[in-house]
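As the structure is a prediction and not an experimental result, all values here were calculated from the model. Any value given below was found using the heavy atoms of this structure, including those in side chains, with hydrogens, waters and symmetry copies removed.
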Amino acid sequence: MNVLDKYQTFYFAGIGGIGMSNLARYFHSSGKNVLGYDKTETKLTKELVAEGIVITFEDDIHKNIADLNPDNTLVVYTPAIKNLKILNYFNENNFQILKRAKVLGLITEHTECIAVAGTHGKTTTSTLIAHLCNVAGLPFSCFLGGISENFKSNFLYKGNQYSVVEADEYDRSFLQLSPDWAIITSDDADHLDIYGDAETIRQGFQDFANLIPENRQLFVRKGTNLNRPCMTYAVNSQADFYSDDLRIEKGHMHFRFHHEGKTTPFFWEIPGIHNVENATAAIALLSSLGIDMPTLQQGISSFKGIKRRYTIHHFDDKIYIDDYAHHPTELDAVLNSIRTFYPEKKLLVVFQPHLFSRTRDFADGFAKSLSNSDELLLLDIYPARELQEDFQGITSEWLSEKIIHQNKNVTSLENSLELIKEKDFDIILTAGAGNIDRLYDPIVEWLSRK
């Protein structure tokens, strides 16, 4: 029996987070009473409320909290929350309180879990796998780190034989999972506020890899070194599973997938070399699970992507691309794809650094990546869970000094749109993991009118 079955009510502290909201949707779809708190109202919290989930935005003990029974209520929280009166109340009144990662881990114990880990690419890859499972008619649930354009959600319930999860390395959360199948897309240094150094985060991925019971059920990007046997995948390089012959025809990306001497052509709407790599991993895993190639071809061609993962709009004389990239490696992947397919276009990059610690730890990498633009607008650092007072001197102005660039500006999010309108560009890229998404609708509206 799943220990979660004894709870009738689930309270989420930080319910508006992308990972928390998919769990809230899971329990709500299971007929449980779900409610929660978040600091600010967002498009996602509005959707949760519309679905019937009760959310408050004040850190107070409202009646809906005071009426909860600790015997049948589980409180779920995210480590991003540092201090909350509501959590203090639950602690003082002996409620069961678990981290989000632990709860997701308990769910995966009772399914055949497909987990996607990696410092880059895991959201696209896990969302694609969920879409392919849906096309193949598998009984599955998915817990995604982004909003699927196909599902219009970060959660879908079609059964509980399989679970598709994004395995988050932050706070070592992925070690709580019980994966039967897994993909590791990368093990680059990130979250050094948690891990301390690159070697320690690599050990974290090694520990995750060791959770997979069968060697042929672990798929690892070629070049990622693990101390155990696994299957490898790659693009434009031979591996156990690989893709090549990438080309764009009539707005579609075409590629050929290879395994054991057999070649299958694929095409889809999703641009970017890095996205073909993600598709290669997904096809490798699903074909190993027994899904036939015609079904996978259908699934790949009908995949619409994820919000804020190389979301592209074409206007009469402009192109707008929006992406979640917030690490130098991710920025390189997006910028290199743009330069590959639009080599003559003048590129304006609007980038919002995410976290003072990440900006500090990867400043040289950001400087190198961002120099690959014709015009650069650098927004103020989005602090998320951090405080400026703990990172004296780490600002966007400090980062800008490291960037070799003739056409760069530092600005606030509030003033950025007017600056954008003054720039001369063919392509605009907005990138970052903070609240830069607030620019998305205004930019689309402005370019639609030009």
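A donor-acceptor pair under 3.5 Å is formed between the side chain of Thr359 and the backbone N or O of Leu355. Using modelled atom types, no side-chain atom of Arg339 and backbone atom of Leu335 make a donor-acceptor pair closer than 3.5 Å. The backbone N or O of Ile270 lies less than 3.5 Å from no partner atom in the side chain of Asn275, so there is not a single donor-acceptor pair. Remark: the backbone N or O of Thr42 is paired with a side-chain donor or acceptor of Thr45 at under 3.5 angstrom. Formation of a donor-acceptor pair under 3.5 Å by the Asp59 side chain with backbone atoms of Ile86 is found in this model. With Gln206 contributing its side chain and Asn227 its backbone, the two residues share a donor-acceptor pair below 3.5 Å. A donor-acceptor contact shorter than 3.5 Å is absent between the side chain of Ser369 and the backbone of Phe366. No side-chain donor-acceptor contact under 3.5 Å links Thr73 to the backbone of Pro70. Of the possible donor and acceptor atoms, none in the side chain of Thr125 sits under 3.5 Å from a partner among the backbone N and O of Lys122.
For the atom pair OG of Ser301 and NE2 of His252, the computed distance is 8.0 Å after rounding to the nearest 0.5 Å. Rounded to the nearest 0.5 Å, atoms CD1 (Ile107) and CD (Gln176) are 13.0 Å apart. The distance from the CG atom of Asp361 to the NE2 atom of His327 is 9.5 Å, given to the nearest 0.5 Å. Rounding to the nearest 0.5 angstrom, the gap separating the CD1 atom in Ile147 from the OG atom in Ser153 is 6.0 Å. Note that CH2 of Trp181 is 9.0 Å distant from CG of Leu286, once rounded to the nearest 0.5 Å. Between the OG atom of Ser416 and the CD1 atom of Ile436 there is a distance of 7.0 Å, given to the nearest 0.5 Å.
Remark: Asp244 engages Asn236, Tyr242, Arg256, His258 in a side-chain contact (heavy atoms from CB on, under 4.5 Å) (not counting sequence neighbours). With sequence neighbours excluded, no residue satisfies ring pair (Phe, Tyr, Trp, His ring centres under 6.0 Å) with Phe151. The ring pair (Phe, Tyr, Trp, His ring centres under 6.0 Å) test applied to Tyr7 returns no partner, not counting sequence neighbours. Taking His259 as the reference, Phe241 meet the ring pair (Phe, Tyr, Trp, His ring centres under 6.0 Å) condition, with sequence neighbours excluded. Under the side-chain contact (heavy atoms from CB on, under 4.5 Å) criterion, Ala363 pairs with Trp398, Leu399, Lys402, not counting sequence neighbours. Annotation: side-chain contact (heavy atoms from CB on, under 4.5 Å) contacts of Leu417 (sequence neighbours excluded): Lys421, Leu439, Pro442, Ile443.
In summary, of the residues considered (Lys222, His120, Arg221), a side chain to side chain donor-acceptor pair (under 3.5 Å) with Glu277 occurs for Arg221 alone. Remark: of the listed residues Ser148, Ser302, Ser126, Cys142, Ser302 is the sole one forming a side-chain contact (heavy atoms from CB on, under 4.5 Å) with His131. Results of the side-chain contact (heavy atoms from CB on, under 4.5 Å) test with Tyr77 over Leu84, Ile97, Ile15 single out Ile97 as the only residue that passes. Of the listed residues (Leu226, Ile212, Val116), just one forms a side-chain contact (heavy atoms from CB on, under 4.5 Å) with Ile184, and that residue is Leu226.
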Inset, instruction - Go through the steps to decide whether Leu4 and Phe27 satisfy the test side chain to side chain contact (heavy atoms under 4.5 Å, CB included), and finish with yes or no. - result: CA-CA 10 Å; Leu4 298 173; Phe27 289 113; 3.9 Å; yes
Legend entry - Verdict with reasoning, Phe143 to Phe155, per ring-ring contact (aromatic ring centres under 6.0 Å, His included): CA-CA 5 Å; Phe143 303 84; Phe155 170 75; 5.6 Å; yes
Legend entry - Thr311/Asp323 under side chain to side chain contact (heavy atoms under 4.5 Å, CB included): CA gap, chis, key distance, verdict: CA-CA 6 Å; Thr311 301; Asp323 198 271; over 6 Å; no
Inset, instruction - Determine, step by step, whether Asn215 and Arg228 satisfy the side chain to side chain donor-acceptor pair (under 3.5 Å) criterion, reporting the C-alpha distance in whole Å, the side-chain angles of both residues, the deciding distance to 0.1 Å, and the verdict. - result: CA-CA 8 Å; Asn215 296 334; Arg228 63 160 290 175; 2.7 Å; yes
Legend entry - ring-ring contact (aromatic ring centres under 6.0 Å, His included) between Phe208 and Phe174, intermediate numbers included: CA-CA 7 Å; Phe208 172 76; Phe174 58 180; 5.1 Å; yes
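For the 3.5 Å distance criterion, the side chains of Thr232 and Asp240 qualify, holding a donor opposite an acceptor. At a cut-off of 3.5 Å, with distance as the only test, a side-chain donor of Ser357 or Glu386 sits close to an acceptor on the other residue. A donor and an acceptor atom, one from each side chain of Thr280 and Ser243, are located under 3.5 Å apart. A donor atom on one side chain and an acceptor atom on the other are found under 3.5 Å apart for Ser186 and Thr119. Judged purely by distance below 3.5 Å, without hydrogens or angles, the side chains of Asp207 and Gln203 pair a donor atom with an acceptor atom. Between the side chains of Thr329 and Asp332, no donor-acceptor pair of N or O atoms lies under 3.5 Å. Between the side chains of Glu166 and Thr123, a donor-acceptor pair is found at a separation under 3.5 Å. In summary, the side chains of Asn154 and Arg25 do present a donor paired with an acceptor at a separation below 3.5 Å, with no hydrogens or angles considered. A donor-acceptor contact closer than 3.5 angstrom links the side chains of Asp322 and Thr430. In this structure, a donor-acceptor pair under 3.5 Å is present between the side chains of Gln352 and Asn435. At a cut-off of 3.5 Å, with distance as the only test, a side-chain donor of Lys158 or Asn134 sits close to an acceptor on the other residue.
For Tyr162 against Ile114, the heavy-atom pair with the smallest separation is CD2-CD1, 4.4 Å. Across Gly17 and Asp38, no two heavy atoms sit closer than the pair N-OD2, 3.9 Å. Here the closest non-hydrogen pair linking Ala167 and Leu177 is CB-CD1, 3.6 Å. When all heavy atoms of Phe140 and Val164 are compared, the closest pair comes out as CD1-CG2, 4.2 Å. The two residues Gln297 and Pro265 make their nearest non-hydrogen contact at NE2-O, 2.8 Å. Across all their heavy atoms, Ala282 and Ile129 have their closest contact at CB-CG1, 3.7 Å.
Taking the centre of each ring, His313 and Tyr440 come in below the 6.0 Å mark. In this structure, the ring of Phe95 has its center less than 6.0 angstrom from the ring center of Phe90. The aromatic ring centres of His28 and Tyr26 sit 6.0 Å or more apart.
The aromatic rings of Phe356 and Phe391 lie parallel to each other, their planes meeting at an angle below 30°, with 60° marking the opposite boundary.
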